[in-house]
Structures are given as C-alpha cells and as structure tokens.
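Numbering starts at 1 and runs along the sequence shown.
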Amino acid sequence: MSSSMPVMRRLAKKDKAKLTKGYRYTSNSGLHNFLVSIGAVKRSKKAKSSKAPSQNQTPATNVTNPTPTDSKSLVVYFSMSGQTQRAAEEIQRLTNSNIFRIQAADPYPTTYDSYAQRGDNERRNNIHPAIRGTILNWDQYSTIYVGFPTWWQQPPMIIHTLFDQYNFSGKTIVPFTTSMSTPMSASMPYIRQMAAPYNATVLNGYRYTGDNAGLRTWLQGLNLIK
C-alpha cells in the first residue's frame with residue numbers, strides 16, 4: 001500500500017480532498033481493525049476477542065520449531081501477514097518436513113506501513129538483517145523449501161541473510177512465495193543468484209494463493225510427493 005500512497009496524495013491534493021491512511025487487505029480481521037483505527041466503524045466485542053497476535057509473537061497453534069526428526073527436508077520461511085506461514089505449514093504437512101520460521105533479530109514493526117517502510121529501506125540499501133536463532137542440524141537436509149512474501153517484485157532482504165549464513169552446497173532449493181499479483185517468476189532470478197555460489201539445484205517455484213489443491217499439484221509435478 002505504501003507504494004500507492006504518494007499517487008493518492010497527489011490526486012487528493014488536486015481535488016482538495018481529505019486522505020486517510022491506506023490498507024493492504026490480508027484478512028477480514030485486519031480490515032476490521034484498520035476501519036476501527038480510522039474511525040469508520042466501531043470495534044465489536046467479537047472482533048476485539050479475535051484480534052490476531054502480533055508478528056513478534058508465535059501463535060499458540062503454530063509450532064515454529066518442532067522437535068527435530070531425521071527428515072531430509074526442511075521448510076524455512078519468512079512471514080509477516082501469516083499467508084506465507086499457512087503455505088509453509090501445508091508444505092510441511094504434505095512433505096513430512098521439519099520447519100523453521102525466519103524472524104529478524106531486530107523484530108519488524110507489526111503494522112504494514114511500518115514494516116513495508118523498513119523492508120524498502122533494506123532493499124534500497126542492500127541491508128541483510130540478522131536472523132534470530134539457529135537452524136539446527138542443517139547438514140542433514142538435502143531439500144530446502146524456502147518461503148517468503150514477494151516485496152517489490154523480489155524476496156525480502158532477510159532471505160539474502162539466509163543464504164549468507166547457511167551453506168546450500170549439494171542441496172535442492174524449492175522456493176515458494178505469496179503475493180497479491182506478482183508471479184513467482186519475478187523472484188526466481190534472485191533465488192538463482194543467491195544459490196549460484198553453492199552450485200545448488202533450484203526447482204521451479206510456486207506462488208501460493210490459498211489453494212492447497214494447487215500446492216499439492218505443484219509438489220507432485222516436481223516429484224516431491226506422490
């Protein structure tokens with residue numbers, strides 16, 4: 001949304017109209033909270049009780065780092081709105097992989113405009129933010145599913161940190177992304193570039209839109225599941 005606001009401000013100024021802050025739709029609860037914040041609707045008790053956890057907290061139903069098994073595949077993902085997390089957890093379920101959620105050592109802000117501003121600054125200045133925690137038993141994995149939201153037609157810079165920090169030599173990388181409109185093909189050159197120093201194998205990625213059947217078909221097409 002932040003990339004569209006300058007245009008909206010110019011149009012509003014021309015017509016002498018009042019402009020509120022904008023919102024990028026990701027969920028009904030988030031939309032309701034946005035409308036409450038600008039005074040368009042009143043907060044209901046039901047909406048208040050169902051408020052989503054902040055990005056700096058791990059939801060009670062999400063086991064980010066389960067007890068490691070001897071699985072040879074790992075789902076590693078970065079998620080802010082929760083959509084990439086849903087894709088990651090479905091891939092974990094279908095492939096019986098281990099899973100690791102990438103979180104910044106310096107947590108991102110929880111509001112979209114704020115974390116988008118930080119993400120844009122990292123992109124413009126080639127900043128690779130530090131990752132909190134360590135992926136245990138990295139060497140045991142031969143297949144790494146790498147998930148992220150598409151920001152400005154490319155992976156967030158924290159994905160670069162992942163490739164800086166871990167050795168992908170001999171591994172197969174399976175990328176997946178979430179985006180309202182940008183195709184997976186926009187991010188693939190960046191993933192291949194990050195993987196190139198390791199001579200890792202990069203399979204064709206997938207843009208997840210909430211279609212679990214499509215996700216399964218993609219994995220089957222890559223011969224990763226039956």
Side-chain angles (χ1 to χ4, degrees), residues 26 52-68 71 73-93 95 97-112 114-123 125-168 171-179 182 184 187-188 190-195 197-198 200 202-203 205-208 215:
T26 56
S54 74
Q55 295 294 339
N56 297 331
Q57 297 174 330
T58 301
T61 57
N62 172 42
V63 181
T64 303
N65 299 311
T67 302
S71 176
S73 59
L74 173 72
V75 180
V76 56
Y77 71 97
F78 173 68
S79 181
M80 289 301 297
S81 71
Q83 182 76 341
T84 308
Q85 177 177 320
R86 286 186 283 275
E89 291 175 345
E90 182 65 10
I91 291 173
Q92 179 199 20
R93 186 184 71 81
T95 62
S97 300
N98 284 341
I99 192 168
F100 180 87
R101 179 177 181 177
I102 298 172
Q103 298 183 77
D106 177 16
Y108 284 90
T110 58
T111 60
Y112 172 76
S114 296
Y115 73 69
Q117 183 178 20
R118 172 172 159 180
D120 190 31
N121 179 64
E122 290 171 347
R123 175 182 67 92
N125 294 286
N126 195 30
I127 297 169
H128 298 188
I131 294 174
R132 187 175 78 185
T134 302
I135 300 175
L136 301 177
N137 305 316
W138 175 260
D139 291 342
Q140 85 178 39
Y141 302 111
S142 57
T143 302
I144 311 292
Y145 298 87
V146 180
F148 50 88
T150 300
W151 287 0
W152 294 277
Q153 291 76 53
Q154 64 186 70
M157 298 308 291
I158 200 166
I159 299 299
H160 290 258
T161 310
L162 176 71
F163 282 83
D164 293 341
Q165 190 168 335
Y166 293 93
N167 187 343
F168 282 81
K171 299 188 185 299
T172 297
I173 299 168
V174 190
F176 63 98
T177 192
T178 54
S179 172
T182 305
M184 182 74 229
S187 291
M188 290 302 295
Y190 296 93
I191 296 295
R192 292 193 178 100
Q193 183 179 22
M194 286 184 268
Y198 304 105
V202 180
L203 301 186
Y206 181 74
R207 180 171 71 95
Y208 178 78
L215 182 67

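Side-chain atoms of Asn125 come within 3.5 Å of backbone atoms of Asn121 as a donor-acceptor pair (strictly under, hydrogens ignored). Of the possible donor and acceptor atoms, one in the side chain of Thr177 sits under 3.5 Å from a partner among the backbone N and O of Phe148. Using a distance-only test at 3.5 Å, with no hydrogens or angles considered, a donor-acceptor pair links the side chain of Arg101 to the main chain of Ser79. The closest donor-acceptor contact from the side chain of Lys171 to the backbone of Tyr141 lies under 3.5 Å. For the pair Ser71 (side chain) and Ser73 (backbone), a donor-acceptor distance under 3.5 Å is present. Side-chain N or O atoms of Tyr77 include none that pairs as donor or acceptor with a backbone N or O of Phe176 at under 3.5 Å. Trp138 contributes no side-chain N or O that, together with a main-chain N or O of Tyr166, makes up a donor-acceptor pair within less than 3.5 Å. Side-chain atoms of Thr161 come within 3.5 Å of backbone N or O of Pro129 as a donor-acceptor pair.
With salt bridges taken as basic N to acidic carboxylate O contacts below 4.0 Å, none links Arg93 and Glu89.
No side-chain heavy atom of Ile131 sits under 4.5 Å from any side-chain heavy atom of Gln103. The closest side-chain heavy-atom distance from Leu162 to Ile135 is below 4.5 Å. Arg207 places none of its side-chain heavy atoms less than 4.5 Å from the side chain of Thr178. Looking at Ile102 and Val76, their side chains come closer than 4.5 Å, going by heavy atoms from C-beta outward.
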(request) Please test Asn126 against Met157 for side-chain contact (heavy atoms from CB on, under 4.5 Å), starting from the C-alpha separation and ending with a verdict. (result) CA-CA 7 Å; Asn126 195 30; Met157 298 308 291; 3.3 Å; yes
(message) Pair Arg118, Asp106 - check salt bridge (Lys or Arg N to Asp or Glu O under 4.0 Å), show working.
(response) CA-CA 11 Å; Arg118 172 172 159 180; Asp106 177 16; 3.8 Å; yes
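For the pair Ile173 and Ala200, the tightest heavy-atom approach, listed with the atom from each and the gap, is CD1-CB, 3.8 Å. Between Leu203 and Met188, the closest heavy-atom pair is O-CE, 3.4 Å. The minimum heavy-atom distance between Pro175 and Met184, with the atom names listed, is CB-CE, 3.8 Å. Smallest separation of non-hydrogen atoms from Tyr198 and Asp164: OH-O, 4.3 Å. The two residues Leu74 and Ile99 make their nearest non-hydrogen contact at CD1-N, 3.7 Å. When all heavy atoms of Tyr190 and Gln154 are compared, the closest pair comes out as OH-OE1, 3.2 Å.
With rounding to the nearest 0.5 Å, the separation of CG in Asn98 from OG1 in Thr95 is 9.5 Å. The CD atom of Gln117 lies 9.5 Å from the OG1 atom of Thr111; values are rounded to the nearest 0.5 Å. A distance of 8.0 Å separates CD1 in Ile158 from CH2 in Trp151, rounded to the nearest 0.5 Å.
The environment of CD in Gln165 is crowded: more than 12 heavy-atom neighbours from other residues, nucleotides or ligands sit within 6.0 Å.
Both the sub-6.0 Å distance and the 45° axial angle are not jointly satisfied by Arg86 relative to the ring of Tyr208.
Taking the six-membered ring for Trp and the full ring otherwise, Tyr145 and Phe100 have centroids separated by 6.0 Å or more.
In this structure, Tyr108 and Phe78 have tilted ring planes: the angle between them lies in the 30° to 60° band.
For the 3.5 Å distance criterion, the side chains of Thr143 and Thr172 fail to qualify, holding no donor opposite an acceptor. Using modelled atom types and a 3.5 Å distance limit, the side chains of Thr150 and Ser179 yield no donor-acceptor pair.
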